[in-house]
> 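I have a structure I would like to understand better, so I am pasting it below and will then ask my questions one at a time.
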2 protein chains.
Amino acid sequence: MQLSERKEKILAAIVERYIATGEPVGSKTLLEFSSLPVSSATIRNEMAELSRLGFLDQPHTSAGRIPSQLGYRYYVDRLMNRYELPIQEKRLIEARLSDAGGEPQQILEQAGQVLAELTNCAVVSTTPSDDNAVIRRVELVPLGTHTAMMVMLSSSGILKSRVCRTDSELNLELIETFYNIVSKHFIGKSASEVSIALIQTLALSLGSKSLAISPLLVTLSDLAQLTEQTQLLLEGQSNLLNYTDYPNAYELMEFLRRGEPLTNLFSGHKTENDTNVLIGKENFYRELQDSSLIFSHYSVGGKDSGALGLIGPTRIDYARLIPSLKYLTEIVGSIMSDTLED
Amino acid sequence: MQLSERKEKILAAIVERYIATGEPVGSKTLLEFSSLPVSSATIRNEMAELSRLGFLDQPHTSAGRIPSQLGYRYYVDRLMNRYELPIQEKRLIEARLSDAGGEPQQILEQAGQVLAELTNCAVVSTTPSDDNAVIRRVELVPLGTHTAMMVMLSSSGILKSRVCRTDSELNLELIETFYNIVSKHFIGKSASEVSIALIQTLALSLGSKSLAISPLLVTLSDLAQLTEQTQLLLEGQSNLLNYTDYPNAYELMEFLRRGEPLTNLFSGHKTENDTNVLIGKENFYRELQDSSLIFSHYSVGGKDSGALGLIGPTRIDYARLIPSLKYLTEIVGSIMSDTLED
DNA sequence: AGTTAGCACTCTAACAGCGAGAGTGCTAAA
DNA sequence: TTTAGCACTCTCGCTGTTAGAGTGCTAACT
């Protein structure tokens with residue numbers, strides 16, 4: 001639906017004013033604020049119409065108007081002037097991310113913190129998932145006579161480790177056998193190829209050594225699963241507590257902590273244009289229906305591999321947050337790409 | 001101060017009742033609940049006296065009594081019957097922790113989750129800090145022609161990694177030189193010995209290779225700092241939102257997130273008996289003065305190295321939480337000890 | 001001397017009533 | 001089509017009232 005220019009101006013002004021103050025906007029307030037060359041009565045008429053069309057809500061008769069979900073949607077899709085980050089700010093952020101440590105998790109953690117500070121929202125992100133990722137390197141570091149730490153690095157840069165305990169003594173021969181098996185059967189394989197079945201057949205084929213080495217292989221398989229699993233990182237949850245809009249922040253925070261729903265949402269809902277904006281009831285999950293979720297996928301080596309998302313009340317500054325998020329996903333993607341392929 | 005037996009019974013009953021219900025306890029309620037062989041009038045007299053002595057507070061004249069800070073203190077020190085975890089529960093927890101992955105952070109994360117579920121409190125823990133920890137192993141994994149991932153394992157089992165970018169190409173010779181330097185100058189050294197000065201003199205002594213190798217040495221030094229730094233882990237913060245006692249949970253959650261204050265508190269305040277209990281205003285930090293903090297140090301190899309702590313309102317079930325925390329610290333310590341020295 | 005019944009007293013929480021203020025929708029005039 | 005004006009509605013904050021919970025005190029009882 002296309003609104004008249006004047007209606008658009010009024011809607012935009014209401015959205016922006018409400019985002020800024022959190023108070024319902026009345027016709028008089030709007031008049032001073034928006035400097036339209038009309039009287040408050042005209043604005044009242046237009047507002048009444050916008051209400052009838054479903055773009056505005058009214059908490060009660062004698063209150064001003066607040067944007068409805070549809071109002072926000074129209075604003076985001078057609079009215080909003082994106083507000084880009086100043087260039088110095090961008091440089092600053094870039095420096096912070098470059099300094100994060102270089103691993104995907106570290107970069108995302110830092111990006112999450114930056115975004116949380118910048119936006120006062122909760123920030124979620126998923127670690128890169130790459131269907132073509134393969135095991136790149138496995139190290140076994142003996143810690144004692146029967147324990148060792150195993151470290152696995154995947155081609156997507158994910159590093160995972162576990163401590164492993166063996167029944168028989170961890171001597172040089174055993175370690176060497178392990179490394180042989182690894183380089184022969186695991187390096188270059190994807191995690192999904194490391195099945196229990198493979199582990200079992202391998203163990204069997206080793207005969208007498210089987211018993212000694214199988215704990216190592218089991219750990220190896222665990223690690224392969226871990227490197228493949230997408231992880232959800234969370235930053236700035238406490239920001240949500242500053243919004244009076246959330247009477248029960250607990251439910252939302254528990255939802256975020258659970259992780260899988262969001263991970264699924266992100267992987268199912270590929271970025272169509274650049275940034276996805278889900279407002280209020282547009283969200284599938286009940287726990288998010290009082291919130292807006294803005295998310296965008298970052299791409300490593302030209303391929304979408306994970307996402308960053310912002311969560312706040314529907315009353316957030318879309319014009320500022322969307323470009324910020326977009327910038328962060330771009331820079332995260334480019335830093336990760338740099339690290340992995342040069 | 002020693003209270004009469006009857007006063008103690010009444011105080012204990014009030015504390016327990018208030019912990020259970022969160023409502024001020026009146027003389028009549030107490031009568032049904034505690035089954036003392038006296039009338040409500042007598043209880044009233046005793047309660048008045050306990051108020052005068054400072055063990056009870058009264059929100060207002062016509063409300064019941066609630067324990068004062070002193071009341072909780074007396075209860076914790078002398079009245080409380082510790083409520084041990086049932087043995088099956090202990091076994092279950094043990095299994096969960098053994099399965100966590102073996103690294104200190106992984107064990108602590110799991111322990112934190114378990115405790116958060118068990119207690120409905122926020123759980124904090126510090127990673128083991130060991131003044132005698134030394135660098136055990138360093139691995140350099142090339143990722144591209146100019147980037148590599150460096151992984152460092154300390155003798156206390158801490159694993160840290162960073163991605164490092166070099167100006168000149170990462171060829172085999174460079175890598176070999178790096179490993180030589182590492183094994184000669186760094187393995188077996190403590191992190192504090194890895195000073196900037198050392199890095200600089202080393203770089204200088206290498207002459208022509210100096211420029212190529214110095215980014216690697218800088219990263220090495222960064223990693224050494226990281227492995228040495230105590231980290232604060234946080235679980236179950238959202239539990240705090242379930243207590244009506246916290247009008248501004250935001251402040252507390254930000255305090256927990258900041259980390260250093262608690263890290264300092266733990267390291268400064270060594271475990272005297274077995275478990276420390278700081279109630280309300282007994283806490284040094286303003287942000288904790290509406291809360292109780294229970295913490296206890298775990299020991300790895302017979303030496304205190306980190307701590308686990310619970311944070312909740314002063315109105316928490318000390319009798320149940322203290323033994324739970326104590327058990328968790330013991331098991332965390334024993335699992336970590338097992339891993340590192342066998 | 002300690003305990004108890006009884007009672008007057010105090011304070012809160014909940015509810016109703018009221019007025020001020022904000023903002024609307026409608027009407028009639030420009 | 002716009003605007004001034006006005007009656008109307010609804011919230012918010014204040015006040016007053018009442019019911020109920022709980023106390024502290026006194027006087028009687030064991």
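Chain naming here is simple, since letters A, B, ... match the order of the sequence lines and numbering starts at 1 in each.
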> Rounded off to whole Å, could you give me the CD1-to-C1' distance for the A:Ile43 and C:dC26 pair?
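In whole Å, C:dC26 C1' lies 18 Å from A:Ile43 CD1.
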
> Judged by modelled atom types alone, do A:Ser324 and A:Tyr83 share a side-chain donor-acceptor pair under 3.5 Å?
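On atom types as modelled, these side chains do not qualify, holding no pair under 3.5 Å.
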
> Please tell me if B:Thr42 has a side-chain N or O lying less than 4.0 Å from either OP1 or OP2 of C:dT3.
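No, because none of the side-chain N or O atoms of B:Thr42 sits under 4.0 Å from OP1 or OP2 of C:dT3.
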
> How long is the line joining CG of B:Leu50 and P of D:dG24, in whole Å?
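After rounding, the reported distance stands at 11 Å.
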
> Quick one: B:Glu46 CD to C:dG2 P, roughly how many Å, whole number?
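Rounded to the whole Å, the gap is 10 Å.
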
> Does the pair A:Tyr246 and A:Ser291 meet the rule for a side chain to side chain donor-acceptor pair (under 3.5 Å), with working shown?
CA-CA 9 Å; A:Tyr246 286 121; A:Ser291 304; 2.6 Å; yes

> Check whether the side chains of A:Arg17 and A:Thr29 place a donor and an acceptor atom closer than 3.5 Å, and report yes or no.
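Per modelled atom types, A:Arg17 and A:Thr29 side chains form no pair under 3.5 Å.
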
> Going by distance alone, is a donor N or O of one side chain under 3.5 Å from an acceptor N or O of the other, for A:Tyr318 and A:Ser292?
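Indeed, the side chains of A:Tyr318 and A:Ser292 share at least one donor-acceptor pair under 3.5 Å.
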
> List in chain and number order the residues that pass ring-ring contact (aromatic ring centres under 6.0 Å, His included) with B:Tyr285, two or more places apart in sequence or in another chain; answer none if no residue qualifies.
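If we apply the ring-ring contact (aromatic ring centres under 6.0 Å, His included) test to B:Tyr285, skipping adjacent residues, the hits are B:Phe255.
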
> Between protein and nucleotides 5-23 of chain D, map the contacts as a letter string: B base, S sugar-phosphate only, - none, heavy atoms under 4.0 Å, written 5' to 3'.
B---BBS---------BSB

> For B:Asn45 and D:dA27, give me the distance from atom CG to atom C1', rounded to whole Å.
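After rounding, the reported distance stands at 13 Å.
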
> Test of understanding: with side-chain contact (heavy atoms from CB on, under 4.5 Å), list the residues that count as partners of B:Leu36, not counting sequence neighbours.
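With neighbours one apart ignored, the set is B:Lys9, B:Ile10, B:Ser34, B:Val38.
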
